[in-house]
Amino acid sequence: MFKHFFSETPLATQMLNVMLPPLCLRCDAVVAETESLCQSCWPKMQYLSAPQCACCGLPFDIPMEETALCGDCLRAQPHFTAARSVLLYNQESRDLVLGFKHGDQTHLAPAFAEWMLRVLTNDMKKIDAIVPIPLHRRRLFERRYNQAGLIAAIMAKKMNVPYQPEILRRWRATPSQGHKSRNEREKNVAGAFDISHKKADIKGRRYLLVDDVLTTGATANECARILKNAGAEAIYVITLARTRSVAT
Ligand SMILES: [Zn+2]
Ligand SMILES: [Zn+2]
């Protein structure tokens, strides 16, 4: 499902593949197709699909109706309309995600963008612009790139919609969300973002927010909240991976 077909690759890439065989995105084993996983890594990934929460995309263990919501979304409906992710964030996908996030593995961006495009719902394709979740400028300076921005720019190009990274600004570098409870995470991100555009430019528009991992969804939810407050009609969220359960 997430593979490129050889026939789709340009001639120059095909010739390059003969000289430099493509490597698995995760373990560097030689693979037949560019930007794919090897036969050993492929089955280890847990790809997310229905049945899942109609809102946050949490996978359900039992068959459920398409409109069913998970307990968290029933308790407190997120500000975003829907969120989807490609992979479950687990032991196996962790190194792929972290290598991209902290390890300068920026060459992974086109493959990740391709995977994320394939899990978009129909509504997520009807958007006015794509916006990456921003990094605080200190973190951007340390890391030199916003991993979400790399993916978002490629997705925007392929979807032929504007890429608008400047809309959201991160004022506060929020401490790691790692071991915080849901409540703490919400407090942690409150007021961390604001909007650079005039409300008139945002009113009635539909945005797709892009990030690498969805954990509690507190960050995406806060960005969705301020965009909604500015008059945006709908906010969707797409991430490469998500955790199975959120900290409560
Ligand atoms: Zn591999
Ligand atoms: Zn949910």
Side-chain angles (χ1 to χ4, degrees), residues 1-4 17 20-100 103 105 107-112 114-115 119-121 123-124 177 181-183 185-186 189 208-209 211 213-225 228 234-248:
M1 179 184 174
F2 297 111
K3 291 178 184 176
H4 285 294
N17 288 352
L20 296 168
L23 304 178
C24 169
L25 295 174
R26 181 167 172 265
C27 76
D28 285 352
V30 173
V31 287
E33 294 144 9
T34 52
E35 297 181 355
S36 61
L37 294 169
C38 73
Q39 285 180 348
S40 158
C41 290
W42 177 270
K44 288 180 187 157
M45 298 294 142
Q46 212 171 321
Y47 303 98
L48 300 175
S49 59
Q52 57 194 153
C53 170
C55 181
C56 75
L58 179 81
F60 291 136
D61 292 328
I62 49 165
M64 299 279 257
E65 284 192 22
E66 237 175 77
T67 52
L69 297 176
C70 74
D72 282 320
C73 290
L74 279 173
R75 269 192 294 277
Q77 187 159 15
H79 296 285
F80 50 79
T81 307
R84 291 292 179 273
S85 313
V86 179
L87 301 169
L88 191 69
Y89 187 68
N90 58 13
Q91 203 70 9
E92 310 298 342
S93 62
R94 207 168 157 262
D95 45 0
L96 203 58
V97 174
L98 293 186
F100 179 60
Q105 306 272 306
H107 66 279
L108 298 171
F112 291 166
E114 197 66 42
W115 296 357
V119 299
L120 294 179
T121 64
D123 286 341
M124 288 176 173
Q177 303 267 62
S181 72
R182 186 185 185 91
N183 222 341
R185 285 176 191 228
E186 277 166 11
V189 294
L208 179 63
L209 299 179
D211 208 356
V213 185
L214 190 85
T215 44
T216 58
T219 303
N221 200 35
E222 175 64 9
C223 291
R225 187 184 68 78
K228 282 295 263 302
I235 312 296
Y236 298 97
V237 181
I238 185 81
T239 69
L240 174 65
R242 66 155 293 149
T243 53
R244 175 173 280 278
S245 60
V246 294
T248 47

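Read the numbers this way: they start at 1 and go in the same order the structure lists the ligands and their atoms.
One side chain, Ser85 or Thr239, offers a donor N or O that lies under 3.5 Å from an acceptor on the other.
Protein N/O/S atoms closer than 2.8 Å to the Zn ion (ligand 1), listed by chain and residue number, are Cys24 SG, Cys27 SG, Cys38 SG, Cys41 SG.
In this structure, the salt bridge (charged side-chain N to carboxylate O under 4.0 Å, His left out) partners of Arg26, at least two apart in sequence or on a different chain, are Glu92, Asp95. With sequence neighbours left out, Thr81 forms a side-chain hydrogen bond (donor to acceptor under 3.5 Å, both in side chains) with no residue at all.
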Exercise for review: Please test Val97 against Leu87 for side chain to side chain contact (heavy atoms under 4.5 Å, CB included), starting from the C-alpha separation and ending with a verdict.
Suggested key: CA-CA 10 Å; Val97 174; Leu87 301 169; 5.6 Å; no

Exercise for the section: May I have the step-by-step check of side chain to side chain contact (heavy atoms under 4.5 Å, CB included) for Val237 and Leu214, ending in yes or no? Expected result: CA-CA 9 Å; Val237 181; Leu214 190 85; 4.2 Å; yes

Do Ile235 and His79 pass the side chain to side chain contact (heavy atoms under 4.5 Å, CB included) test, and can you show the C-alpha distance, the side-chain angles, and the key distance before you say yes or no? CA-CA 8 Å; Ile235 312 296; His79 296 285; over 6 Å; no

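No donor-acceptor pair under 3.5 Å is formed between the side chain of Asn221 and the backbone N or O of Ala224.
Salt-bridge check for Arg244 with Asp61: passed, with a basic side-chain N closer than 4.0 Å to an acidic carboxylate O.
Here the Zn ion (ligand 2) has protein N, O or S atoms under 2.8 Å from it, and they come to 4.
Interatomic distance, Cys70 SG to Gln52 CD, rounded to the nearest 0.5 Å: 11.0 Å.
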